Amino acid sequence: MAFSFPLYKRLRLSAVPRTDPSKAAERTQVMGGRLAIVAALLSLGLALPACGASESGIEDHRAEPSRELATPSGWFEHRDTTFGASVSFPDGWRVAEQPLTNLVVPREVLALATYPLRGGNKGGGPCAAKRDLEAMPPDGALIWLLEYRPLRGDVWADVRRSEFPSRPNRVELSRADLEANSCARGFGYTSSFRAADRPLTLSLVFGERVTDERLAEVEAILESLELAELAPPPPDPYAGWPLINDNPGDSLRPPPGWAASAAMFPPGETPRPRTLFFASNRPLFGLPKTLVPHVEQLPPTPSWAVANAFPRDGVLLWVSEDEKGGPAADYAAIEREWPSADDFRPVQILTKPNPELEWLRAAGSFRGYRWSILIGAGPEATEEDRELALKSAASLAVSGVCREDGSDCPE
């Protein structure tokens with residue numbers, strides 16, 4: 001999916017050279033992640049797209065900023081090698097000790113404010129960092145820098161360079177540039193740009209009685225900001241695989257060329273157990289014969305597909321949401337790597353027309369919800385197709401919100 005969003009008032013350009021280099025200290029902070037939850041971030045009252053994703057043990061690539069900063073007298077320096085960013089700031093400003101939200105994409109590169117930032121907000125929603133915005137003093141300011149960097153694959157695969165123009169040489173702020181902040185009292189300003197071949201969005205938020213001196217201070221801080229080129233993320237093992245999503249926000253990548261679909265059922269009206277996804281290497285009775293991104297509903301069980309003629313070389317992947325409940329002997333607690341091949345166990349599912357079918361099952365629990373994954377294979381199914389089904393199952397990302405009538409969705 002390609003992101004598209006309005007680029008608000010652009011930073012004005014000025015041909016003023018950047019500061020000369022000097023020595024710098026180092027400080028590192030690491031962004032946390034979450035289980036895959038498809039969520040939208042409306043940052044600081046201005047529209048920004050967002051994608052949550054499962055964190056799968058991928059290490060951040062560390063890099064030094066492209067050049068060192070000349071720290072003004074009496075100013076402090078923050079250097080983050082994990083995110084390839086350095087900035088200088090005067091007394092009274094402080095860097096957030098933890099990210100303001102737990103979103104992974106876009107990820108937070110820098111949060112710097114004139115007041116303590118609590119951070120740790122979970123999920124997205126229209127005002128993801130509202131708790132920190134509401135704590136802003138009348139003359140306060142917040143600088144928040146986000147980066148659209150995937151966990152795997154090409155950085156520019158899902159974003160367009162044309163929507164991230166080159167970073168301006170200098171930021172010049174005036175009150176005419178500021179807009180009302182819908183998440184709290186005060187004003188906001190947002191701009192997207194490209195630096196060190198990285199897609200970034202800068203959000204500035206100010207208290208309702210911000211002074212001209214504070215605006216000038218923010219200009220000087222942004223003038224000191226340096227960004228480094230980063231090594232590319234690890235290759236995406238699902239490059240070229242389609243992505244399908246259901247209503248609660250779960251997602252699955254079916255193998256290329258397989259029949260597959262997601263059910264777009266109304267969560268508050270559809271009883272459990274309910275089918276979320278299917279994928280098959282051969283057309284099956286009662287199911288779409290090709291890749292269909294979504295259908296209104298799928299059969300509650302795979303019985304239709306296996307109660308009729310099933311190809312001897314057929315492989316079927318079936319994902320369902322079971323009755324609610326926590327971890328148990330047959331429902332493992334869902335963690336980062338769930339489901340892996342080790343989570344699947346042979347099970348007996350007797351179907352009179354197809355007694356030779358072999359079945360594997362993995363089941364997990366997260367936030368009081370339960371899911372099951374079934375893989376059925378005919379006696380002549382190839383090892384390659386069995387492995388493709390396991391790989392597809394491993395791509396499953398489940399949401400722990402919006403599974404009821406809407407009352408469990410983030411604000």
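Everything numeric in this text was worked out from a predicted model, so none of it was measured. Excluded from the calculations below are hydrogen atoms, water molecules and symmetry mates; all remaining heavy atoms, backbone and side chain alike, are included.
- Looking only at atom types and distance, the side chain of W359 has no donor-acceptor partner in the side chain of Q348 under 3.5 Å away.
- The nearest pair of heavy atoms linking F206 to A141 is CD2-CB, 3.7 Å.
- Checking Y369 against E404 by side-chain atom types alone, a donor-acceptor pair falls below 3.5 Å.
- A distance-only check finds a donor-acceptor pair linking the side chain of T270 to the backbone of P266 [under 3.5 Å].
- Put simply, the side chain of F83 does not reach to within 4.5 Å of the side chain of L230, judged on heavy atoms.
- Because its NZ or CZ atom is both nearer than 6.0 Å to the ring centre of Y331 and within 45° of the ring axis, R370 counts as a cation-pi partner of that residue.
- Annotation: side chain of V109 is not in contact with side chain of L146 (no heavy-atom distance under 4.5 Å).
- Side-chain contact between L284 and W304 is absent, with no heavy-atom pair separated by less than 4.5 Å.
- Separation of atoms CG (L112) and CD1 (I221) is listed at 5.5 Å; rounding is to 0.5 Å.
- Other residues, nucleotides and ligands contribute more than 12 heavy atoms inside 6.0 Å of the CZ atom of R272.
- Shortest non-hydrogen contact noted between E356 and P379 is OE1-CG, 3.9 Å.
- Under the 30°/60° scheme for interplanar angles, the aromatic rings of W318 and F278 are found to be tilted.
- Of the possible polar contacts, one joining the S395 side chain to the S392 backbone as a donor-acceptor pair under 3.5 Å is found.
- Formation of a donor-acceptor pair under 3.5 Å by the T382 side chain with backbone atoms of D385 is found in this model.
- A distance of 7.0 Å separates OG in S251 from CG in L396, rounded to the nearest 0.5 Å.
- A heavy-atom distance below 4.5 Å is not found between the side chains of P106 and L200.
- A donor-acceptor contact shorter than 3.5 Å links the side chain of D177 to the backbone of S174.
- Taking the charged nitrogens against the carboxylate oxygens, R274 and E269 have no contact shorter than 4.0 Å, which rules out a salt bridge.
- Side-chain contact, S320 with W371: no donor N or O sits under 3.5 Å from an acceptor N or O.
- Taking every heavy atom of both residues into account, N245 and A262 meet most closely at O-CB, 3.3 Å.
- Looking at heavy atoms from C-beta onward, T101 lies in side-chain contact with W144 at the 4.5 angstrom threshold.
- Between E384 and K391, none of the side-chain N atoms (NZ, or NE/NH1/NH2) sits under 4.0 Å from a carboxylate O, so this pair counts as no salt bridge.
- The main-chain N or O of R118 is found under 3.5 Å from a side-chain atom of Q98 such that the two form a donor-acceptor pair.
- Here the side chain of S88 pairs no donor or acceptor atom with the backbone of W75 at under 3.5 angstrom.
- At a threshold of 4.0 Å, the pair D330-R345 does not count as salt-bridged, since none of the basic side-chain nitrogens sits closer than that to a carboxylate oxygen.
- The minimum heavy-atom distance linking P254 with A260 is given by the pair CB-CB, 3.5 Å.
- Of all heavy-atom pairs between Y148 and V155, the closest is O-CG1, 4.0 Å.
- The OG atom of S261 sits 10.5 Å away from atom CG of L252, with the distance rounded to the nearest 0.5 Å.
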Does the pair E229 and R198 meet the rule for a salt bridge (charged side-chain N to carboxylate O under 4.0 Å, His left out), with working shown? CA-CA 7 Å; E229 291 188 15; R198 299 163 59 182; over 6 Å; no
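- Put simply, the side chain of Q297 does not reach to within 4.5 Å of the side chain of T275, judged on heavy atoms.
- Counting heavy atoms from C-beta on, the side chains of V306 and F285 never come closer than 4.5 Å.
- R185 and E134 are not joined by a salt bridge, as no carboxylate oxygen comes within less than 4.0 angstrom of a charged side-chain nitrogen.
- Between the side chains of D322 and S372, at least one donor N or O lies within less than 3.5 Å of an accepting N or O.
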Where do R194 and E163 land on the salt bridge (charged side-chain N to carboxylate O under 4.0 Å, His left out) test, with the steps shown first? CA-CA 9 Å; R194 181 175 72 253; E163 296 194 354; over 6 Å; no
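- By the 4.5 Å heavy-atom criterion applied to side chains, M264 and E296 are not counted as neighbours.
- Residue W338 comes nearest to G364 through the heavy atom pair CZ2-N, 3.4 Å, listed as atom of the first residue, atom of the second, then distance.
- Here ring pair (Phe, Tyr, Trp, His ring centres under 6.0 Å) pairs that include residues 235-259, with residues two or more places apart or in two chains, are Y238-W241.
- A side-chain donor-acceptor contact under 3.5 Å links E108 to the backbone of L100.
- The backbone N or O of D250 lies less than 3.5 Å from a partner atom in the side chain of D246, making a donor-acceptor pair.
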